[in-house]
> 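Pasting a structure here, questions to come.
Since this is a predicted model, take the numbers as computed values, not measurements.
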Amino acid sequence: MRFFIPTSMSDDIELSLDSIFTEPPRPPTPEPTTTVYTRELQREIAPEEWKTIKIRLVGSHPLWGNYLWNAARAFASYLDENSELCLGRNVLELGAGGALPSIVAAKNGARQVVVTDYPDDELVRNMLYNIEENIPSSDRHRISVKGYIWGRPVQPLLDELGSTEGLNSGFDLVILSDLVFNHSQHDALLTTCEQSLSSSPQPKGSSQTPSVLVFYTHHRPHLAHRDMEFFSKARDRGWHCEEILTRTFPPMFPEDSGEESVRSTVHGWRLVRLDSLLVC
């Protein structure tokens with residue numbers, strides 16, 4: 001924006017905001033980085049199988065999309081070791097960031113994967129980039145990207161599943177990777193999970209029962225009790241919550257305060273609706 005002194009005062013003098021309000025130059029935005037997930041199967045990987053996934057991360061972001069979190073790495077390994085959770089099923093990831101778990105789900109035969117994060121152009125473009133780089137063009141119809149705010153109506157996400165003739169509309173698996181530190185968003189996350197999860201009946205104890213997987217680290221040990229309020233709220237809202245995994249990684253931020261053993265541990269939980277457990 002520029003301001004001009006009327007010609008009656010001067011025909012030549014021009015004042016710009018840059019000349020009125022001076023400030024030091026801003027540092028350049030960091031360039032995107034790339035990190036690699038290497039498959040950790042116990043068996044030998046055949047030559048025709050995928051072995052690695054390259055994940056590009058935005059250079060800097062207020063929503064922490066510039067990190068590949070330990071929980072995402074643990075998620076990728078868990079889904080790879082338990083591929084029946086994905087095979088032929090509808091998968092939704094909330095707060096996906098670089099979308100590593102979603103890409104693993106797609107590579108392990110998910111029927112449809114819907115990858116979501118906050119509707120920020122930079123985040124959405126980066127998720128699309130990672131899908132295009134890691135999913136063959138012949139399979140990309142099985143994975144889609146949406147900007148989505150937790151707690152909002154889920155119909156736009158369900159619409160991505162396409163025709164559900166003969167199927168119960170909804171997702172069989174919902175992925176939450178390192179999101180419970182957003183304490184103010186616990187209710188919104190649970191609302192989305194409740195509205196998006198399939199209610200398709202399954203035999204009691206079946207591994208195919210629609211479920212939510214929640215992986216996280218207590219990055220701030222002094223607030224671990226606040227992280228755990230997510231599961232207290234879930235139980236109050238009719239969810240059965242069960243811890244299924246712990247795994248140790250180097251801490252994301254070694255310089256942070258708090259017990260290192262706490263900050264380096266990824267916890268994995270499985271949530272299912274109590275009413276689905278009553279099906280025999």
> Looking at side-chain heavy atoms only, is the closest gap between T191 and R237 below 4.5 Å?
yes

> Quick one: do the H183 and D227 side chains pair a donor with an acceptor below 3.5 Å?
yes

> Which heavy atom of G258 sits nearest to which heavy atom of R263, and what is that distance?
O-NE, 3.1 Å

> Any salt bridge between R273 and E194, counting N to O under 4.0 Å?
yes

> Just by distance, with hydrogens left out, do R73 and T35 show a side-chain donor and acceptor under 3.5 Å apart?
yes

> Strictly distance-based, threshold 3.5 Å: is any side-chain N or O of R235 a donor or acceptor partner for the main-chain N or O of H240?
no

> With no hydrogens and no angle check, is any side-chain donor or acceptor of N108 less than 3.5 Å from a backbone partner on S83?
no

> Nearest heavy-atom pair of V272 and P210: which atoms, and what distance?
CG1-O, 3.7 Å

> Please examine the side chains of P119 and V124, heavy atoms only from C-beta on, and report whether any two atoms are closer than 4.5 Å.
no

> Between N182 and W150, is a side-chain contact (heavy atoms from CB on, under 4.5 Å) present by the stated rule, with each step listed?
CA-CA 11 Å; N182 291 284; W150 307 331; 3.9 Å; yes

> For the residue pair F253 and Y67, is the inter-centroid distance of their aromatic rings smaller than 6.0 Å?
yes

> Would you check if F171 and S198 make a side-chain contact, meaning some heavy-atom pair closer than 4.5 Å?
no

> Counting C-beta onward and ignoring hydrogens, is there a side-chain heavy-atom pair between L176 and F215 closer than 4.5 Å?
no

> Do you know the tightest heavy-atom contact between S196 and L92?
OG-CD2, 3.7 Å

> Taking all heavy atoms of D117 and all of G97, pick out the closest pair and write down the distance.
OD2-N, 2.7 Å

> With a 4.5 Å limit on heavy-atom distance, are the side chains of F231 and L271 in contact?
yes

> With no hydrogens and no angle check, just 3.5 Å: does a side-chain donor-acceptor pair link N126 and E122?
no

> Is it true that R89 and E84 have a side-chain N and a carboxylate O under 4.0 angstrom from each other?
no

> How close do G170 and N90 get, heavy atom to heavy atom, and via which atoms?
O-ND2, 3.3 Å

> A74 and V266: which non-hydrogen atoms are nearest, and at how many Å?
CB-CG1, 3.7 Å

> Taking it one step at a time, do Y148 and L94 satisfy side-chain contact (heavy atoms from CB on, under 4.5 Å)?
CA-CA 8 Å; Y148 175 72; L94 302 177; 4.2 Å; yes

> Regarding D139 and R142, does a basic nitrogen lie under 4.0 Å from an acidic carboxylate oxygen?
yes

> Within the 4.5 Å heavy-atom criterion, are F230 and C241 side-chain neighbours or not?
no

> Run the salt-bridge test on K146 and E93 with the 4.0 Å N-O cut-off and return the result as yes or no.
no

> Dump the intermediate steps for side-chain contact (heavy atoms from CB on, under 4.5 Å) on L213 and Y78, then the final yes or no.
CA-CA 10 Å; L213 292 182; Y78 184 81; 4.0 Å; yes

> Would you mind reporting whether T209 and R270 have side-chain heavy atoms less than 4.5 Å apart?
yes

> Salt bridge or not for E160 and R111, using N-O below 4.0 Å?
no

> So V180 and H186, do their side chains get closer than 4.5 Å, heavy atoms only?
yes

> Using 30° and 60° as the class limits, which term best fits the ring planes of H267 and Y216: parallel, tilted or perpendicular?
parallel

